[in-house]
Structure formats: structure tokens, C-alpha cells
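Sequence positions, counted from 1, serve as the residue numbers for this chain.
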Amino acid sequence: MTTPRTTPPLRRGAVAVAAGCSLVALTACSAIGGANADDEASAAGTVTLVTHESFGLSEGLLEQFEDETGLSVEIVQQADAGALVNQLVLTKDAPLGDLVYGIDNAFASRALDEGVVVPADVTAPAGADAAAHAVPGDDDGALTAIDFGDVCLNIDTAWFAAQGVPEPTTLDSLLDPAYRDLLVVPDPVTSSPGLAFLLATVGAYGEDGWVDYWAGLRDNGLQVADGWSEAYYTDFTAGGGDGPRPVVLSYASSPPFTVPEGGDEPTTRALLDTCFRQVEYAGVLAGAANPEGAAQLLDFLLSDEVQADIPVSMYMYPVSSSVDLPDEWARWAPLSDAPYSVAPGDITEHREQWLTTWSDTVIG
């Protein structure tokens with residue numbers, strides 16, 4: 001196995017920034033205005049961002065925001081999107097901060113139904129691009145899309161070439177006995193990418209077929225890891241840990257990070273017919289102590305500087321159409337032309353039931 005040139009995307013990995021906390025709660029506003037001179041005066045002090053453990057921007061960007069606004073930014077981090085929304089619901093009467101980033105489309109409807117976020121007027125030019133990813137039914141714009149990416153099966157192309165085994169291409173491929181004991185995925189109960197893949201199978205096979213599909217994977221030697229990091233770094237043949245499994249759940253943006261030292265192309269490939277599109281949103285928290293500062297920080301997340309930084313710092317696609325992607329993404333990290341999808345309302349209604357059924361079927 002060739003050692004990757006750089007570390008693959010840590011979408012649910014290491015903590016990127018130090019955590020702080022602000023627990024002051026005020027009465028929620030029905031809408032928060034965009035940033036202007038008056039807002040800057042009223043927003044002086046601290047703005048607290050509540051986010052998942054994978055949030056991180058390149059050095060100097062948050063400091064730039066602080067210098068420009070006079071605000072200090074504190075960070076409160078939760079494990080992943082599921083834990084993030086759970087905590088927001090539990091603390092909505094005494095919110096953990098002012099702005100949330102990292103609610104994804106698997107949990108967006110719950111956040112909206114629970115009223116943990118309130119509308120904000122987005123003034124950044126990228127707001128028009130963000131609107132293309134709006135949550136259905138969020139007519140007031142309480143959640144604003146910041147980035148997106150495709151969760152897909154990835155394969156170790158070098159392994160398949162060396163073994164003389166044809167590469168799988170579709171979800172159905174993994175049911176073939178030729179691929180027995182080759183697939184590892186993170187547990188959807190404990191992993192956001194794992195849940196995204198479960199939703200991909202619901203989108204692909206429907207209510208009448210997804211359970212049978214997972215039963216087929218189970219019978220064909222599926223391995224389930226606790227999280228993405230374990231699946232990729234420990235069990236995947238191309239993850240650096242000499243794992244035994246050449247098919248893993250990761251992201252469409254993962255392959256560029258497997259170009260070997262001195263090489264000119266990745267040793268892995270995303271299977272673009274197996275993907276679920278994950279969108280991450282930000283929103284001003286109901287009862288925020290500093291809603292004006294939160295609105296300013298939301299606009300900053302849509303600025304050209306932050307949007308251009310998202311691919312290299314958080315390994316997702318920016319919503320802004322005005323920033324250039326890294327050259328290697330255009331070559332080796334294309335998005336799926338037809339990712340699977342599930343209506344957010346259906347996810348909210350059935351998510352816990354689907355997870356219970358999945359556990360009963362796959363884990364037993």
C-alpha cells in the first residue's frame with residue numbers, strides 16, 4: 001500500500017479550535033437584521049459559535065473577522081451534527097451561544113420544528129447561492145446553507161488492480177459474492193457519514209427495499225466501525241493503517257488526499273453512483289445573547305475568504321459560485337450527477353425508527 005501524501009478529510013475527526021461558552025439567554029427575535037454600522041456598535045463584545053468537532057478555518061481568518069468587527073469569537077463544540085442538534089434542543093431555553101454552524105440536512109427539520117434558530121437577513125453576495133440549498137419548508141430562512149458535499153463509497157483502486165478484481169461501481173455491486181468481506185462503513189447510529197449512507201440506501205431502495213439491501217450487505221461480510229476515522233484509518237486498505245477492506249464510506253472529496261508522494265494521481269476513487277448529498281447550515285440561535293453579532297458572523301461564513309477556505313480546511317464544497325476550487329478537486333473530486341435524497345420531513349419523522357430497524361437488521 002502506498003502512503004497518502006496528505007491526511008484525508010477529517011470530517012468527523014479532530015477538534016480544530018479551542019472551545020469557549022456563553023450561556024446568557026435573551027428573548028428570541030422574530031428576525032435578525034444583517035450587518036451594518038449600527039449593528040457593529042450594538043454587537044460589541046463576544047459572539048459564541050456553537051458547532052461540531054470538525055469545524056476549523058485556516059489560521060488568521062477568525063482573527064480577521066475579530067479585527068474588522070471588534071467582536072471576540074468563542075467556540076462551543078459538540079461531537080457531530082446529531083449531538084449538536086440534540087444539545088441545541090435540550091438547551092433552547094438557555095442557548096449555548098449565538099450562532100450555530102453544522103446542522104446538516106439529516107437534522108435540519110428537527111432544528112426548525114423545535115424552534116432553535118430564527119431568521120436572519122443575509123447580506124453577503126453568496127446568500128443567493130445559499131438559497132439554492134434551502135431546507136424545504138424553511139420559508140423564513142432560519143437556516144442558511146454554508147457548504148455541501150457528497151458522502152460516497154470510496155474504493156482502493158490500487159488494491160483492485162493488484163488483486164485482479166473488477167472494481168465495484170454501484171450499490172448493488174456490493175451484494176455480489178465477489179466483494180464479500182471487502183466493505184466497511186461507520187455505524188449510522190454514532191456517525192453522521194454513516195447516517196448519510198443509510199439515507200442513501202433509503203433513497204435508492206425505498207421503504208420496501210432498504211432493509212433487505214442491508215441484510216444483503218450483512219450476509220456478504222459487511223463490517224461496521226464505530227466512526228468514520230476508525231473505518232478509514234484502521235480498516236480501509238488505503239487509509240494508512242494497513243487495513244484489510246478496500247471499500248469504505250467516505251466523501252467524494254477524499255481521493256485527492258491519496259495522491260502518493262511523487263505521484264500524479266490518487267490511489268482511490270469515489271463511486272459517484274452511491275452518494276448522498278450532505279448540506280451544512282448555519283443559523284442565529286433563538287434567545288441569543290448577541291443576535292447582531294451572530295448575523296455578522298453568519299455573513300462572514302459566506303464571505304469569499306471563508307468560502308474559498310472551506311475546501312482546504314473542512315473538505316466540503318462552498319455554496320458560493322464565485323470562488324475557485326482547488327485544481328485537484330476539479331480533476332479528482334467531482335460531485336455526483338444524481339445523488340440519492342430523502343425529504344427532510346421524512347428524515348425527521350422516520351430517522352429514529354430507521355436507526356432502530358438498521359440496528360436490529362445489521363447488528364442484531
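- Counting heavy atoms from C-beta outward, C152 and L271 have side chains that stay 4.5 Å or more apart.
- Taking the centre of each ring, H52 and Y101 come in below the 6.0 Å mark.
- Under the 4.5 Å side-chain criterion, counting only non-hydrogen atoms from C-beta, P344 is in contact with P136.
- Looking at Q278 and N105, their side chains never bring a donor and an acceptor atom within 3.5 Å of each other.
- V323 is not connected to V306 by any chain of hydrophobic side-chain contacts under 4.5 Å among Ile, Leu, Val, Met, Phe, Trp and Tyr, and they are in different clusters.
- Residues P326 and V312 are in side-chain contact: their nearest non-hydrogen atoms beyond the backbone lie under 4.5 Å apart.
- Summarising the geometry, atom CG belonging to L99 is positioned 12.0 Å from atom CZ belonging to F300; distances are rounded to the nearest 0.5 Å.
- For E207, the CD atom sits in a packed shell: over 12 heavy atoms of surrounding residues, nucleotides or ligands are nearer than 6.0 Å.
- Both L143 and F55 belong to a common hydrophobic cluster when Ile, Leu, Val, Met, Phe, Trp and Tyr are linked at side-chain heavy-atom distances under 4.5 angstrom.
- Under 3.5 Å, the side chains of S313 and D309 contain a donor-acceptor pair of N or O atoms.
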For this session: Evaluate side-chain hydrogen bond (donor to acceptor under 3.5 Å, both in side chains) for N154 paired with S250, printing each intermediate quantity in order.
Result: CA-CA 6 Å; N154 279 223; S250 195; 4.7 Å; no
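- Hydrophobic cluster membership differs between L272 and M316, with clusters built from Ile, Leu, Val, Met, Phe, Trp and Tyr side chains linked at under 4.5 angstrom.
- Scanning all heavy atoms of the two residues, the minimum distance from V319 to D147 falls at CG1-N, 3.7 Å.
- By the criterion of side-chain heavy atoms lying less than 4.5 angstrom apart, applied directly or through intervening Ile, Leu, Val, Met, Phe, Trp or Tyr residues, L175 is grouped together with L182 in one hydrophobic cluster.
- Ion pair R277/D150 flagged as a salt bridge, since at least one NZ, NE, NH1 or NH2 atom sits closer than 4.0 Å to an Asp/Glu carboxylate oxygen.
- V89 has its side chain within reach of R110: a pair of non-hydrogen atoms, C-beta onward, lies under 4.5 Å apart.
- Both L174 and Y205 sit in one connected hydrophobic cluster of ILVMFWY residues. Membership requires side-chain heavy atoms under 4.5 Å apart, directly or through other members.
- Considering every non-hydrogen atom in both G82 and S192, the closest pair reads N-OG, 4.3 Å.
- No side-chain heavy atom of S54 sits under 4.5 Å from any side-chain heavy atom of M314.
- Within a 6.0 Å radius of CD in E265, other residues, nucleotides and ligands contribute 12 heavy atoms or fewer.
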For this session: Evaluate ring-ring contact (aromatic ring centres under 6.0 Å, His included) for F197 paired with W214, printing each intermediate quantity in order.
Result: CA-CA 11 Å; F197 185 57; W214 280 96; 5.5 Å; yes
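- If you check the side chains of T190 and D226, you find no donor sitting under 3.5 Å from an acceptor.
- Sparse packing is recorded around CG of D208, with 12 or fewer heavy atoms of other residues, nucleotides or ligands lying under 6.0 Å away.
- Residues A145 and V279 come closest through the heavy atom pair CB-CG1, 3.9 Å.
- A salt bridge between E167 and R269 is present, with a side-chain N of the basic residue lying under 4.0 Å from a carboxylate O of the acidic one.
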For this session: Begin from the C-alpha positions of S173 and T170 and carry the test side-chain hydrogen bond (donor to acceptor under 3.5 Å, both in side chains) through to its verdict.
Result: CA-CA 5 Å; S173 299; T170 64; 3.1 Å; yes
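- The backbone N or O of T267 lies less than 3.5 Å from a partner atom in the side chain of T157, making a donor-acceptor pair.
- For the pair T46/L71, no side-chain contact is recorded, criterion being any heavy-atom separation below 4.5 Å from C-beta on.
- For D337, the CG atom sits in a loose shell: 12 or fewer heavy atoms of surrounding residues, nucleotides or ligands are nearer than 6.0 Å.
- Note that CZ of R218 and CG of L183 are 14.0 Å apart. Values are rounded to the nearest 0.5 Å.
- Between V100 and T51 there is no side-chain heavy-atom pair separated by less than 4.5 Å.
- You'll find the side chain of P186 stays beyond 4.5 Å of the side chain of V224, heavy atoms only.
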